[in-house]
Protein chains: 2
Amino acid sequence: MSAAATTSQPRRPRSGNRRDEAARLAVLHAADDLLVEHGFGALTVEAIARRAGVAKQTIYRWWPSKVEILLDTLIEDSAKRIPVPADEPTAESVRGYLRGFARFLTRDPAGKVLLALLAEAQHDPDTARSLHERCLAPRRARERAMLTGATDAGEIAPTLGPDATMDALLGPIVYRALTGASIPRGLVDTLVDALLRPRAN
Amino acid sequence: MSAAATTSQPRRPRSGNRRDEAARLAVLHAADDLLVEHGFGALTVEAIARRAGVAKQTIYRWWPSKVEILLDTLIEDSAKRIPVPADEPTAESVRGYLRGFARFLTRDPAGKVLLALLAEAQHDPDTARSLHERCLAPRRARERAMLTGATDAGEIAPTLGPDATMDALLGPIVYRALTGASIPRGLVDTLVDALLRPRAN
DNA sequence: GGTGTGTCTAGACGGTGCGTCTCGACAAGG
DNA sequence: CCTTGTCGAGACGCACCGTCTAGACACACC
């Protein structure tokens with residue numbers, strides 16, 4: 001979560017040269033840029049090393065795979081660009097969050113990172129585990145808090161539990177992004193209206 | 001669509017040996033089995049050739065990539081296992097379709113193929129194009145017909161257009177499958193109730 | 001029956017990225 | 001000073017890529 005955090009807990013060397021922060025940032029940015037410019041297929045460790053002006057071994061010393069590099073950039077970017085609203089437990093803040101999420105996925109380069117990792121998770125179990133533990137689960141915990149807060153405040157009355165409700169809201173957005181479709185404003189509005197304020201029963 | 005159809009239109013050789021149907025089926029089944037058993041990461045053309053007992057050249061002669069092999073199996077399997085209801089334009093048939101779709105994605109081995117291709121489409125533009133043209137678009141056309149038929153019959157009254165409605169219904173199912181979550185019956189029911197039978201306005 | 005024509009298996013080929021390894025240079029701590 | 005650890009540079013064997021060649025075989029046509 002902290003800006004200096006990396007994959008594993010920061011090591012505490014007794015002596016020797018410290019980690020080169022410039023190299024770390026160069027790798028992160030190189031991976032990000034290459035993904036956006038040439039796609040995940042062209043994203044190789046050797047290409048990242050070339051682009052970052054860094055030795056391949058330096059990458060392997062700190063990251064077990066290119067996926068973890070992307071995960072580092074994603075965690076930092078998503079925390080900045082689409083924070084989960086925690087202050088105002090209103091239906092409107094949920095709607096705003098979903099709109100921001102939709103724009104993140106379709107417009108923000110960092111959104112491509114999330115889609116790429118979600119995709120790679122289908123191909124590689126390690127990626128799936130890392131993506132959940134380091135990104136999806138923490139975010140989901142905050143989303144749950146957002147929903148239960150708004151429910152307790154009487155702002156919304158979802159039929160489903162918090163997890164299923166969030167998946168019902170996010171699922172269509174993610175699916176449209178995955179299939180390359182745009183996400184019209186009306187879609188988000190309808191989802192919020194239909195799922196968070198159900199007809200009286 | 002026909003069982004013998006392959007990637008390109010069936011060639012019309014004037015003479016010479018015809019295509020070996022046994023080899024074609026062996027490749028299809030080998031790809032399917034390898035994907036389910038060892039995941040997409042271990043799915044290589046050479047592995048498929050070994051498993052199918054077929055020369056690599058035979059694969060490259062008929063398929064431009066392993067993705068097209070998977071697409072061939074997916075098109076055949078999905079047509080059999082989750083046909084789009086076309087006869088009875090009722091809300092209940094839509095609900096049944098979604099339930100079948102959910103079970104397909106989570107339980108059926110062929111569902112893994114769809115998830116893998118949806119994932120690969122994020123990494124490779126050619127895969128994205130093929131997946132849309134050969135699988136998603138045709139299915140979507142039938143889904144649209146299903147929705148408009150039910151709407152005309154007065155069975156449902158969706159707020160959104162047919163495309164957005166289908167994405168709103170399928171999105172959560174696909175997203176749960178992508179994240180490895182189960183798809184409870186209540187989720188499908190709530191989606192159908194909330195999106196197809198909106199409160200009067 | 002001979003001649004083409006196209007598919008099949010088998011395997012070699014150069015190219016590329018993988019992840020590991022070694023090497024020499026360098027910087028900080030003890 | 002000397003240990004510890006990182007850095008860049010690059011070689012290594014491995015796996016798979018997609019292409020290519022070679023030879024055997026089956027069918028169509030004449």
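It should be emphasised that the depicted structure is a prediction, and the values quoted were computed from it without experimental measurement.
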Between [X] ([atom1]) and [N] ([atom2]), how many Å, whole number?
X        : N       : atom1 : atom2 : result
Glu21(B) : dC27(D) : CD    : P     : 15 Å
Ile59(B) : dT9(C)  : CD1   : C1'   : 12 Å
Asp20(B) : dC27(D) : CG    : P     : 11 Å
Ile48(A) : dT16(C) : CD1   : C1'   : 16 Å
Arg19(B) : dC25(D) : CZ    : C1'   : 18 Å
Arg61(B) : dG18(D) : CZ    : C1'   : 14 Å

Summary of salt bridge (Lys or Arg N to Asp or Glu O under 4.0 Å) pairs that have at least one residue in residues 147-157 of chain A, sequence neighbours excluded: none
Residues forming a side chain to side chain contact (heavy atoms under 4.5 Å, CB included) with Ala47(B), sequence neighbours excluded: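 Partners of Ala47(B) under the side chain to side chain contact (heavy atoms under 4.5 Å, CB included) test: Leu34(B), Thr44(B), Arg50(B).
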Those residues that, when tested against Pro125(B), pass side chain to side chain contact (heavy atoms under 4.5 Å, CB included) (two or more places apart):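 Here no residue qualifies.
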Whether over 12 other heavy atoms sit under 6.0 Å from Glu88(B) CD: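 Counting neighbours around CD of Glu88(B), 12 or fewer heavy atoms of other residues, nucleotides or ligands fall under 6.0 Å, so no.
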Presence of Trp62(A) side-chain N/O under 4.0 Å of dG5(D) phosphate oxygens OP1/OP2: no
Distance test, side-chain N/O of Thr58(B) to OP1/OP2 of dT7(C), below 4.0 Å: no
Side-chain donor-acceptor pairs of residues 107-121 of chain B under 3.5 Å, sequence neighbours excluded:
unit_1    : atom_1 : unit_2    : atom_2 : d
Asp108(B) : OD1    : Arg81(B)  : NH1    : 3.1
Asp108(B) : OD1    : Ala110(B) : N      : 2.8
Asp108(B) : OD2    : Arg81(B)  : NH1    : 3.0

Base-contact (B) and sugar-phosphate-only (S) positions in nucleotides 17-30 of chain C, heavy-atom cut-off under 4.0 Å, - elsewhere: SBBBB-----BBS-
ring-ring contact (aromatic ring centres under 6.0 Å, His included) partners of Phe104(B), counting only residues at least two apart: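 Testing Phe104(B) for ring-ring contact (aromatic ring centres under 6.0 Å, His included), a comparison that skips the adjacent residues, returns none.
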